[in-house]
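These numbers were taken from a predicted model, which means no experiment stands behind them. Within every chain, numbering begins at 1; the chains are lettered A, B, ... in the order of the sequence lines, protein sequences first and strands thereafter.
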Amino acid sequence: MAATKASKEQKYDRQLRLWGDHGQEALENAHVCLINATATGTEILKNLVLPGIGAFTIVDGHVVSGEDVGNNFFLSNNSIGKNRAQAATELLQELNSDVSGNFVEESPDKLLDNDPEFFHRFTIVIGVQLPESTCLRLGSVLWSASVPFLVCKTYGLIGYMRLAIQEHTVIESHPDNALEDLRLDQPFAEFKNHVKTYDLGSMDKKDHSHTPWIIVVAKYLEKWLSEHNSQPPKNYKEKEAFRQLIREGILRNENGVPEDEENFEEAVKNVNTALNPTKVPSAVEDLFNSEECNNITSQTPPFWVMLRAVKEFVLSEGHGSLPVRGTIPDMIADSQKFINLQNVYREKAMQDAAAVSKHVESLLQSVGKPPESISEKDIKLFCKNSSFLRVVRCRSLAEEYSVDSVNKDEIASCMDNPDSEMVFYLMLRAVDRFYQQHSRYPGVYNYQVEEDISKLKLCVNSLLQEYSLNVNIKDDYIHEFCRYGAAEPHTVAAFMGGSAAQEAIKIISHQFVPFSNTFIYNAMSQTSATLQL
Amino acid sequence: MADADEPEKKRRRVVELTEKMVVDGYNGRCSEWEGRWNHIKKFLERSGPFTHPDFEPSTQSLQFMLETCRILIIGAGGLGCELLKDLALSGFRNIHVIDMDTIDVSNLNRQFLFRPKDVGRPKADVAADFINSRIPGCCVVPHFKKIQDFDETFYRQFHIIVCGLDSIVSRRWMNGMLLSLLVYEDGVLDPGSIIPLIDGGTEGFKGNARVILPGMSACIDCTLELYPPQVNFPMCTIASMPRLPEHCIEYARVLLWPKEKPFGDEVVLDGDDPEHIQWVYQKSLERAAEFNITGVTYRLTQGVVKRIIPAVASTNAVIAAACATEVFKIASSAYIPLNNYMVYNDVDGLYTYTFEAERKENCSACSQIPVDLNFSPSSKLQEVLDFLTESASLQMKSPALTATVEGKNKTLYLQSVASIEQRTRPNLSKTLKELGLTDGQELAVADVTTPQTMLFRLCFTS
């Protein structure tokens with residue numbers, strides 16, 4: 001057992017550095033359902049099997065065709081005529097023995113007829129190349145059961161993805177460019193006391209040059225405030241003057257030449273960000289004002305309980321600010337000064353987390369739940385990430401497709417540019433319509449291409465009319481979509497395979513922020529767009 | 001593997017692969033079946049409103065791609081495995097792949113052509129075997145070699161070259177190689193000598209794909225400033241003022257190891273040897289304890305020592321797919337290729353940004369103008385060397401300088417051969433004037449970042 005764990009750590013090392021052991025655990029507990037083992041489907045699954053999801057189940061009633069084998073790495077020509085779910089499961093399973101692969105030789109429509117609750121067991125359901133009716137039926141079942149649904153399609157050189165999830169909370173969003181949480185504009189007591197222990201005027205050169213820039217800025221800010229009626233530098237002119245004040249603090253040698261003090265250079269460089277006012281990000285404010293946060297019950301998931309606790313902290317011990325994050329960036333300083341300063345922030349963070357913990361406890365008690373139901377570890381993680389909390393909510397497919405709630409504004413404004421990616425969304429909808437009417441996709445056979453153009457155009461027009469969409473779709477796109485003949489070229493399927501798999505991993509691990517709610521990829525121009533539909 | 005056996009083994013392997021193709025084509029394993037290429041044919045046999053102006057629908061294009069088109073893939077790792085699959089399933093059969101590495105267990109989370117039993121074997125060989133057996137008719141020829149082991153005659157045989165490399169130095173070398181193949185007649189570039197270079201790169205959840213038409217569009221060196229040099233921790237921090245766990249690890253790696261030689265006199269630190277990492281880890285913990293620094297873990301130690309870049313299957317899949325789409329477009333003329341750089345990031349939703357990277361007028365690699373080096377005659381040679389390595393637009397690694405002085409070719413400084421390094425080291429502290437160099441003269445510089453010698457013009461400033 002120990003050997004397996006060690007070798008898994010080695011095998012998954014490169015991805016553990018992205019989502020950690022807890023993220024990996026979430027993956028290993030996940031059971032993913034893929035509907036339709038087309039190239040797009042197997043490519044998505046490959047990118048989930050390799051990182052080690054617990055299990056997958058492929059649902060597919062189709063039989064493998066020669067065409068299928070041609071673009072699919074996980075079908076071989078000796079599986080032609082066999083059930084596609086079974087054939088693909090074999091070759092996908094072979095990728096990673098840690099994963100358990102299953103298949104159901106059935107169409108999703110049959111399952112929806114006979115046993116819709118079949119889908120309730122899954123962590124996420126991924127539906128690929130689904131006709132509109134099946135997609136909507138499935139969407140409705142999964143929405144009611146709160147099972148995340150990821151729809152994915154490759155159509156010619158166009159890729160499409162739609163996420164249908166009611167509410168997805170993210171504590172660890174891992175933002176690319178997070179601002180530091182230094183509190184220089186509203187220093188807490190322990191920080192102020194720590195700054196007091198420094199007397200820049202009486203330090204020797206070595207200490208002076210190795211004082212962390214945070215202390216330097218704090219000292220000079222105190223000076224500035226005392227000389228400016230407690231008003232911090234606000235505009236460019238004042239900030240420049242403040243920078244100059246700091247520069248003048250650089251030690252000079254006997255000849256009056258300024259010494260090389262990198263820490264002071266750092267202080268000057270960081271003035272702008274250091275003076276950023278500390279405030280609760282608006283995204284977090286919005287969360288504070290949401291229904292779930294203000295209505296805690298015994299059913300409330302931990303995320304909202306902790307959020308409410310943080311809100312209460314902000315309104316009391318936090319004096320309007322979130323719990324201190326507790327990290328500082330590296331900076332020129334000697335080890336002791338840096339570690340001591342770092343500890344001031346760390347201890348404050350621990351204190352704040354403890355205060356939040358008290359609020360969590362009393363909230364849990366108020367709804368009759370034991371205080372241990374949310375661990376200290378989770379609360380600490382939550383506090384550390386409190387500036388970066390995100391909640392993704394998607395509209396249901398039913399809302400997107402209903403004439404009453406279609407997002408006309410989004411469609412119309414995107415179509416102000418008739419070549420925007422929105423046109424591909426509309427074409428995919430039109431093609432679905434064509435399939436509903438003719439039980440086939442346009443232009444599959446060469447002889448059909450020409451004549452299907454006018455048929456597809458009728459579908460486009462009926463679509464626009466039904467939704468009262470006053471937009472223009474160029475004939476070129478209608479021609480192009482007939483040209484595609486519902487082809488699923490491997491490279492486009494592989495692009496979508498990678499994209500969709502990563503979104504699924506985000507949903508499963510609750511780390512990083514998933515897209516919302518529609519993604520379109522155009523392989524002709526190598527461009528993409530995310531739309532809200 | 002004995003070097004003498006190499007060419008013979010390889011020759012036998014190529015014969016084997018060729019025979020396999022013949023057998024597959026005629027009997028036994030069927031390498032064609034009804035509908036196999038349906039998904040591709042629609043793009044080759046049908047006209048459309050967005051096709052390339054040169055495109056003509058034809059049933060011959062598929063034959064060209066299957067039988068004639070030769071593609072070279074550089075790298076059989078995260079991107080390389082994906083590229084092999086993507087191209088094999090897009091109608092390409094004549095594929096060569098170069099990779100100098102062997103398989104490591106940490107590759108298995110994304111390099112899907114490899115299994116635990118393959119650990120230790122050459123990536124190129126295992127990848128080629130897998131593809132050839134999974135995709136009937138496909139003939140991938142592997143080369144367990146460095147790209148520098150091949151010359152122009154090798155590279156010239158390919159129609160398109162795709163890179164899935166993990167180093168900027170190698171990219172630049174490949175870039176330089178393709179530039180050296182360009183033929184100019186009366187100052188006009190012969191388009192037949194252009195071999196398109198598709199380059200992909202990934203790091204965690206970010207990646208990029210670009211199309212380079214050597215001599216025509218921006219090359220790797222034109223946009224070198226997009227990749228600023230890797231910043232290392234300052235020595236004084238590591239030696240006397242550690243603050244982060246990383247500083248403690250670098251201390252053990254850079255200072256303690258050479259001093260204590262824990263595994264023997266000549267034994268170099270091997271990041272792949274768990275015993276070595278364990279030693280560094282222990283020493284780092286001791287160092288950290290001295291300074292009250294927390295956070296040293298085994299994983300962090302490995303990450304710092306090996307300069308590990310996190311990686312997942314999905315990002316590699318996306319970038320390789322984008323690159324393969326471009327290969328298809330160029331080989332078939334079906335669509336206008338990407339012009340010319342796409343960036344991808346899926347940390348927060350999915351984000352792509354596509355733009356045209358511009359050629360740099362005085363690019364040290366692809367503009368045909370020798371780059372001016374401006375120095376005063378009293379500058380030391382060391383200053384010139386520093387400029388070549390530190391300049392953001394050159395970023396050379398260990399340049400070797402030669403010049404013609406008084407009619408004779410003189411090596412001014414060369415690092416890679418110990419005896420010559422010793423002999424020429426005194427030159428570094430001599431001034432350019434003392435070395436006999438004159439205003440306007442040519443300086444030839446060789447470096448790992450380019451297969452060809454680069455010419456510079458020395459311009460004396462007053």
Near B:Asp166 CG, under 6.0 Å, is it more than 12 heavy atoms from other residues, nucleotides or ligands?
no

Are B:Lys42 and A:Tyr484 in a cation-pi setup, meaning NZ or CZ lies under 6.0 angstrom from the ring centre and within 45 degrees of the ring axis?
no

Measuring only between side-chain heavy atoms, which start at C-beta, is A:Asn71 closer than 4.5 Å to B:Trp37?
no

Checked A:Ile332, A:Ile505, A:Leu48, A:Asn343 vs chain B; the most non-hydrogen pairs under 4.5 Å come from A:Ile332

Output the option from B:Glu34, B:Arg115, B:Lys206 having the highest count of non-hydrogen pairs under 4.5 Å with chain A.
B:Arg115

Quick check on the interface: out of B:Tyr351, B:Tyr335, B:Tyr353, who has the most heavy-atom pairs with chain A under 4.5 Å?
B:Tyr335

Under 3.5 Å, is there a donor-acceptor pair linking the side chains of A:Asn47 and B:Asn316?
no

Okay, B:Phe112 and chain A: the region with an atom under 4.5 Å from a heavy atom over there is both

Pairwise distance CG(B:Asn292) to CG(A:Asn340) - rounded to 0.5 angstrom:
8.5 Å

Taking side chain as everything from C-beta outward and backbone as N, CA, C, O, which of these in A:Ala500 sits under 4.5 Å from a heavy atom of chain B? Side chain, backbone, both or neither.
neither

Between chain A and each of B:Thr51, B:Asn38, B:Thr354, B:Val105, count heavy-atom pairs under 4.5 Å; write down the option with the most.
B:Val105

Side chain to side chain, B:Ser106 and A:Gln10, heavy atoms closer than 4.5 Å:
no

Ranking A:Ala501, A:Pro489, A:Ser65, A:Ser76 by heavy-atom pairs under 4.5 Å to chain B gives rank one to A:Pro489

Under a 4.5 Å cutoff for heavy-atom pairs, which residue among B:Ile309, B:Thr325, B:Leu87 has the most contacts with chain A?
B:Thr325

Portion of A:Leu95 that has a non-hydrogen atom of chain B nearer than 4.5 angstrom
both

What option among B:Ser314, B:Ala321, B:Ala317 has the most heavy-atom pairs under 4.5 Å with chain A?
B:Ser314

d(B:Gln111 CD, A:Arg14 CZ) to nearest 0.5 Å is 9.5 Å

Derivation and outcome, salt bridge (charged side-chain N to carboxylate O under 4.0 Å, His left out), residues A:Asp334 and B:Arg243
CA-CA 8 Å; A:Asp334 65 54; B:Arg243 297 175 295 268; over 6 Å; no

Does A:Tyr445 OH have over 12 foreign heavy atoms under 6.0 Å away?
no

Evaluate side-chain contact (heavy atoms from CB on, under 4.5 Å) for B:Arg46 paired with A:Val449, printing each intermediate quantity in order.
CA-CA 9 Å; B:Arg46 301 175 174 190; A:Val449 180; 3.4 Å; yes

What part of B:Asn107 lies closer than 4.5 angstrom to a heavy atom of chain A: side chain, backbone, both or neither?
neither

So which atom in A:Arg483 and which in B:Phe43 form the shortest heavy-atom distance, rounded to 0.1 Å?
NH2-O, 3.0 Å

Between A:Val392 and chain B, which part of the residue has a heavy atom less than 4.5 Å away: side chain, backbone, both or neither?
neither

Please tell me if the side chains of B:Thr315 and A:Gln502 come closer than 4.5 Å, counting only heavy atoms from C-beta onward.
no

Assess whether side-chain contact (heavy atoms from CB on, under 4.5 Å) is satisfied between A:Thr491 and B:Phe328, documenting all intermediate values.
CA-CA 9 Å; A:Thr491 61; B:Phe328 180 83; 5.6 Å; no

Assert top hit (heavy-atom pairs under 4.5 Å, partner chain B, pool A:Val49, A:Val69, A:Thr530) equals A:Val69

Relative to chain A, which segment of B:Phe130 carries a heavy atom at a distance below 4.5 Å: side chain, backbone, both, or neither?
side chain

Check ion pair B:Asp346-A:Lys506 (N to O, under 4.0 angstrom)
no

Could you walk me through whether B:Gln302 and A:Arg17 pass side-chain contact (heavy atoms from CB on, under 4.5 Å), step by step?
CA-CA 11 Å; B:Gln302 231 190 356; A:Arg17 290 165 192 277; 3.5 Å; yes

What are the two closest non-hydrogen atoms of A:Asn77 and B:Pro136, and how far apart are they?
OD1-CG, 4.1 Å

Using a cut-off of 6.0 Å, state whether more than 12 heavy atoms not belonging to B:Glu203 lie near its atom CD.
no

Do you know which two heavy atoms are closest between B:Pro242 and A:Ser335, and how far apart they sit?
O-OG, 2.6 Å

Heavy-atom cut-off 4.5 Å, strictly under: side chain, backbone, both or neither for B:Leu108 against chain A?
both

Less than 3.5 Å apart, any donor N or O on the side chain of B:Thr294 or A:Arg346 sitting next to an acceptor on the other?
yes

Sidechain-backbone polar pair: B:Arg110 side chain, A:Leu50 backbone, donor-acceptor under 3.5 Å:
no

Locate the shortest heavy-atom distance separating B:Arg134 from A:Phe74; write the atom from each residue and the value.
NH1-CD2, 4.1 Å

Can you measure from OG (A:Ser528) to CE (B:Met342) and round to the nearest 0.5 angstrom?
8.0 Å

Look at the side chain of B:His39 and the backbone N and O of A:Glu488, then say whether any donor-acceptor pair between them is shorter than 3.5 Å.
yes

Interatomic spacing from CZ in B:Phe50 to CG in A:Asp476 - rounded to 0.5 Å:
4.5 Å

Nearest 0.5 angstrom please: A:Lys11 NZ to B:Asn109 CG, how far?
9.0 Å

Contact winner vs chain B - A:Asn96, A:Asn446, A:Ile44, A:Thr527, heavy-atom pairs under 4.5 Å
A:Asn446

Residues B:Lys85 and A:Glu43 bridged, charged N to O under 4.0 Å:
yes

At a heavy-atom distance under 4.5 Å, which candidate from A:Tyr12, A:Phe512, A:Phe515 has the highest pair count against chain B?
A:Phe512

Using the salt bridge (charged side-chain N to carboxylate O under 4.0 Å, His left out) rule, take B:Glu82 and A:Lys46 through it: C-alpha gap first, then chi angles, then the decisive distance, then the call.
CA-CA 11 Å; B:Glu82 296 280 344; A:Lys46 149 181 149 289; 2.8 Å; yes

Hey, does B:Leu350 have a side-chain heavy atom less than 4.5 Å from the side chain of A:Met161?
yes

Examine whether an atom of A:Phe519 lies under 4.5 Å from a heavy atom of chain B, and if so say whether it belongs to the side chain, the backbone or both; otherwise answer neither.
side chain

B:Tyr344 portion near chain A, given a 4.5 angstrom heavy-atom threshold
side chain

Using the rule given for salt bridge (charged side-chain N to carboxylate O under 4.0 Å, His left out), can you reason through B:Arg299 versus A:Asp21, listing the C-alpha separation, both sets of side-chain angles and the distance that settles it, and then say yes or no?
CA-CA 12 Å; B:Arg299 191 178 284 165; A:Asp21 297 317; 3.0 Å; yes

Between A:His174, A:Arg390, A:Met496, which shows the greatest number of heavy-atom pairs under 4.5 Å with chain B?
A:Arg390

Under 4.5 Å from any heavy atom of chain B - which part of A:Gln336
neither

Determine, step by step, whether A:Asp176 and B:Asp348 satisfy the side-chain contact (heavy atoms from CB on, under 4.5 Å) criterion, reporting the C-alpha distance in whole Å, the side-chain angles of both residues, the deciding distance to 0.1 Å, and the verdict.
CA-CA 9 Å; A:Asp176 258 340; B:Asp348 185 342; over 6 Å; no

Most contacts with chain A, counted as non-hydrogen pairs under 4.5 angstrom, among B:Ala334, B:Ser90, B:Gly48:
B:Gly48

